[in-house]
Amino acid sequence: MTQEDGRRDEPEAATERSDEERTDTPGAADSEAGPAPEPSSPGDGGTVSGTPRFEAPEGAQYGFAAPGSGAQEGGHQGFAPPGGGVPEGGQPGYAASGGYAADSAQPGFAAPGSGTSESAHQGFAPPGGGSYAAAGHPAQGQWGAPGYAAPGGYGHPGQGHPPGAGYGGVPGRAAPAPRPGVVPLRPMTVGDLLNGAFSLIRHNPKTFVGVSIIVMAVASIVSSIGFGGYMSDYGRFMDQALTDPNSIDPDDPLPFSTWSIVALYGGSLISYAGTIVLTGLLTCAIGLAVLGRKLSPSEAWAAAKPRLGAVAGLALLQLAIFFGLSVVVFGLIAVGFVAGFALLSSGAEAAGAVVMILTVLIGLLGGLVLAAWISVRIYFAMPVVVLERLSPAQALGRSWRLTQGSWWRVLGILLLTMLLVGVVGQLLTTPFTLLSIVPSFIFPGAAWVPVAAGAVIYVGSVLISSFTTPFTVGVTTLLYIDLRMRREGLDLKLHTASQAGHEVGPEIYLPEPRA
C-alpha cells in the first residue's frame, strides 16, 4: 500500500489538499508522477527492485506514524506505515493510532490518543499526553526523565548516579530494588525495618528462636530462682499481715530475705550478659539473612565466636560510660542539695528551696537528655564490633560517625521499637506473673509454692525473651545496615555480592579501605 492509498482511507476533509498546496510541497511532483511500486511482499517495508519504497519529500525527515495518523507540521524525520504519511517537516517520533506529534515536538513516543506537547524534549509520553519525567522536571534525553539509570544500576547521591535512579524498568520510573533476603537492597523505610525484623523470626525460627531459647534459658536461671524466693517472702509477709498485723516487726519492715534480693538483681546482670552474647550471635545471622543466607545455630556460633570477647568488652565499656554519666548527674544534684541546704540554714529559705528544686529538675532532665543523646550516638557499636571487626573503642567512634545527622530519625525508630517490644512483652508477661502469685494465696506456707512460682516465671521470661530479643536485635542491625546504605552505598556492594553466585560471609560488611 502506498502513501496515496493510505490517504484515501482517511476522511476526505483530512486528506484532500488543494492544487496550490501540492504544487508548493517540495517533492510533490515526484509523489504524483505515478502509482508507487508494489512492495515485494505483503507488509514489506523494504525496497522493490532496489528502489526505496518511500521517498520523503524534500526537506521532510523521517518519523513513524501509526495507521491513520501523521506528524503535524514542523515535524522532523518520520517513517509512515501503510495508510499514513508524514506531512511537511515532520519531526522524529512515534505517534500511535489517533495520536500525533505536535508542532515543534522533538523525538518522543506518544501513546494512543496523545502526543508530545509543543517544544517537548525527547521522551516517552504516557497515555494522556506529555512525556515521562520526574516531578517538576522537563523530560530530557531519549529515555525520559532525569534520574533514570539503565537496567542493572541503582543510584545514590554522591555515588556517581543521579538522584532517583532505579535498577531498571519503565523509563523514568524506578523499578523495585532487588531483594535476595529479608529486606530490599536499598535505603529502607520504617516499615521495611519492622517487617524485616519479623521476617527474620518467621523465615529462620530454628536459629533466631531456638538459639534465643537456649541462651536465655541458661542466663535466666539465677534471676528466676531469686524471683521465686522474693515472691515466697512476699506471700508469707501478706499472710502474716492479714492474720496478725501486730506480729510485724517495725524494725524490719522489709520481709524479703537477703539471698532472694541478691539472686534477683544478680540474676538480672547475668540475664543482661546472656542478652549481649545473644546479640552477638544473632547479628551475624541477620547480616547474612539480608543476602538470603540462612545460618544454622552452629554456623551462627562459628561466625560470632571470634568476636564474643570484643562484644563483652564493648558491653562493659558501655556500662562504664553510663555509670560515669549517672555519677556526674547525681553528683550535681547532691551539690545542689548541699548548696540549697546551706541557704536554708543561713535563713534564705526561699532561695534555698529554689536552688534545690532547680537542681533536681535540671539535673534529672539534663541527665536524661544527655543520656539519650549519647545512647543514640553509640547505639550501633555492637553490630560494628561484630560485622566490621573493630575494637570496642573503635566501634564507639564508628557508631558516632554513622549517626551524624541522623539522630532524630534513629531516636524515633528506637522509641517505636521499644514501645512495640514493651507492649508485647507486658501482654505476655502478665499471665505468667499472675499465675506465679496465685499459689502463694491458695496454699500459703506450702514448701512447693516458691518452686512453682519460680518455674512459671522462668518459663515465661525465656519464652518472651526468645521473641522480643531477636526482634530488637533485628531492628538494630537492619537500621545499622540502612545507615551504611545511605552514607556509603552499601546496597550496591551487597547487590554485587548477591549476584556473584557464591556464598559470602560477614566479611562483606568490612568497610572499604580509605584512599
Side-chain angles (χ1 to χ4, degrees), residues 156-159 163 183-197 272 275-276 279-280 282-283 286-287 290 310-311 314-330 332 361-388 390-423 468-469 471-491 494 509 511-512 514:
H156 290 280
Q159 294 296 323
V183 291
L185 297 183
R186 57 163 172 75
M188 289 173 268
T189 63
V190 177
D192 293 330
L193 296 170
L194 298 180
N195 290 335
Y272 173 73
T275 302
I276 295 300
T279 299
L282 297 183
T283 298
I286 295 167
V290 171
V311 167
L314 176 63
L316 292 176
L317 186 57
Q318 288 177 326
L319 282 177
I321 290 173
F322 290 107
F323 178 77
L325 179 61
S326 300
V327 170
V328 171
V329 171
F330 286 105
L332 292 176
L361 292 178
I362 294 175
L364 293 179
L365 293 178
L368 180 62
V369 171
L370 183 60
W373 181 61
I374 295 177
S375 297
V376 171
R377 297 303 299 272
I378 66 174
Y379 190 77
F380 300 106
M382 191 62 70
V384 168
V385 159
V386 176
L387 296 178
E388 299 188 27
L390 299 179
S391 67
Q394 291 174 327
L396 292 174
R398 171 74 163 148
S399 176
W400 195 276
R401 292 188 297 272
L402 278 176
T403 53
Q404 181 71 36
S406 301
W407 190 88
W408 286 106
R409 177 175 180 267
V410 173
L411 176 65
I413 294 174
L414 295 183
L415 290 177
L416 178 60
T417 304
M418 292 171 59
L419 178 63
L420 292 175
V421 171
V423 171
T468 57
T469 302
F471 178 78
T472 303
V473 177
V475 173
T476 300
T477 306
L478 293 177
L479 186 53
Y480 153 77
I481 295 173
D482 171 73
L483 286 176
R484 290 193 61 186
M485 287 180 178
R486 295 173 184 272
R487 294 182 175 273
E488 304 171 358
L490 178 63
D491 50 337
L494 296 178
Y509 290 98
E512 297 292 340
R514 296 185 179 181

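We count residues from 1, following the sequence as given.
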Checklist entry - Is a salt bridge present between E488 and R398, judged by a nitrogen-to-oxygen distance below 4.0 Å? => result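 Yes.
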Checklist entry - CZ of F322: more than 12 outside heavy atoms within 6.0 angstrom? => result yes
Say you draw a straight line from [atom1] of [X] to [atom2] of [Y]; how long is it, rounded to the nearest 0.5 Å?
X	Y	atom1	atom2	result
L282	T477	CG	OG1	8.0 Å
L396	L314	CG	CG	5.5 Å
I321	I378	CD1	CD1	4.5 Å
T403	L479	OG1	CG	10.0 Å
L483	Y379	CG	OH	12.0 Å
L390	S399	CG	OG	11.0 Å

Next on the checklist: With a 4.5 Å cut-off on side-chain heavy atoms, are L478 and V290 touching?
Outcome noted: yes
Checklist entry - Are M382 and I276 close enough that some pair of their side-chain heavy atoms sits under 4.5 Å apart? => result yes
Looking only at heavy atoms, which two atoms of [X] and [Y] are closest? And how far apart?
X	Y	value
F380	T476	CE2-O, 3.5 Å
Y509	G287	OH-O, 2.5 Å
D482	L193	CB-CD2, 4.5 Å
D192	V183	O-CG1, 3.8 Å
M188	R409	O-NH2, 3.1 Å
G280	V311	CA-CG2, 4.5 Å

Checklist entry - Applying salt bridge (charged side-chain N to carboxylate O under 4.0 Å, His left out), which residue pairs with at least one partner in residues 361-380 are found, sequence neighbours left out? => result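 Counting only pairs at least two positions apart or across chains, no salt bridge (charged side-chain N to carboxylate O under 4.0 Å, His left out) contact touches residues 361-380.
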Checklist outcome for this item: For residues 319-328, the salt bridge (charged side-chain N to carboxylate O under 4.0 Å, His left out) pairs (sequence neighbours left out) are none
Checklist entry - Got a sec, which residues hit ring-ring contact (aromatic ring centres under 6.0 Å, His included) with F471, two or more places apart in sequence or on another chain? => result F198
Item to check | From CA spacing to verdict: side chain to side chain contact (heavy atoms under 4.5 Å, CB included), Y480, T283 | outcome: CA-CA 11 Å; Y480 153 77; T283 298; over 6 Å; no
Item to check | Parallel, tilted or perpendicular: ring planes of W400 versus W373, cut at 30 and 60 degrees | outcome: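 It falls in the perpendicular class, over 60°.
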Next on the checklist: Could you walk me through whether L420 and L194 satisfy the side chain to side chain contact (heavy atoms under 4.5 Å, CB included) test, starting with their C-alpha distance in whole Å, then the side-chain angles of each, then the deciding distance to 0.1 Å, before giving a yes or no?
Outcome noted: CA-CA 10 Å; L420 292 175; L194 298 180; 4.1 Å; yes
Checklist entry - Just by distance, do the side chain of T279 and the backbone of T275 share a donor-acceptor pair under 3.5 Å? => result yes
Checklist entry - Between R186 (side chain) and M485 (backbone), is there a donor-acceptor pair under 3.5 Å? => result no
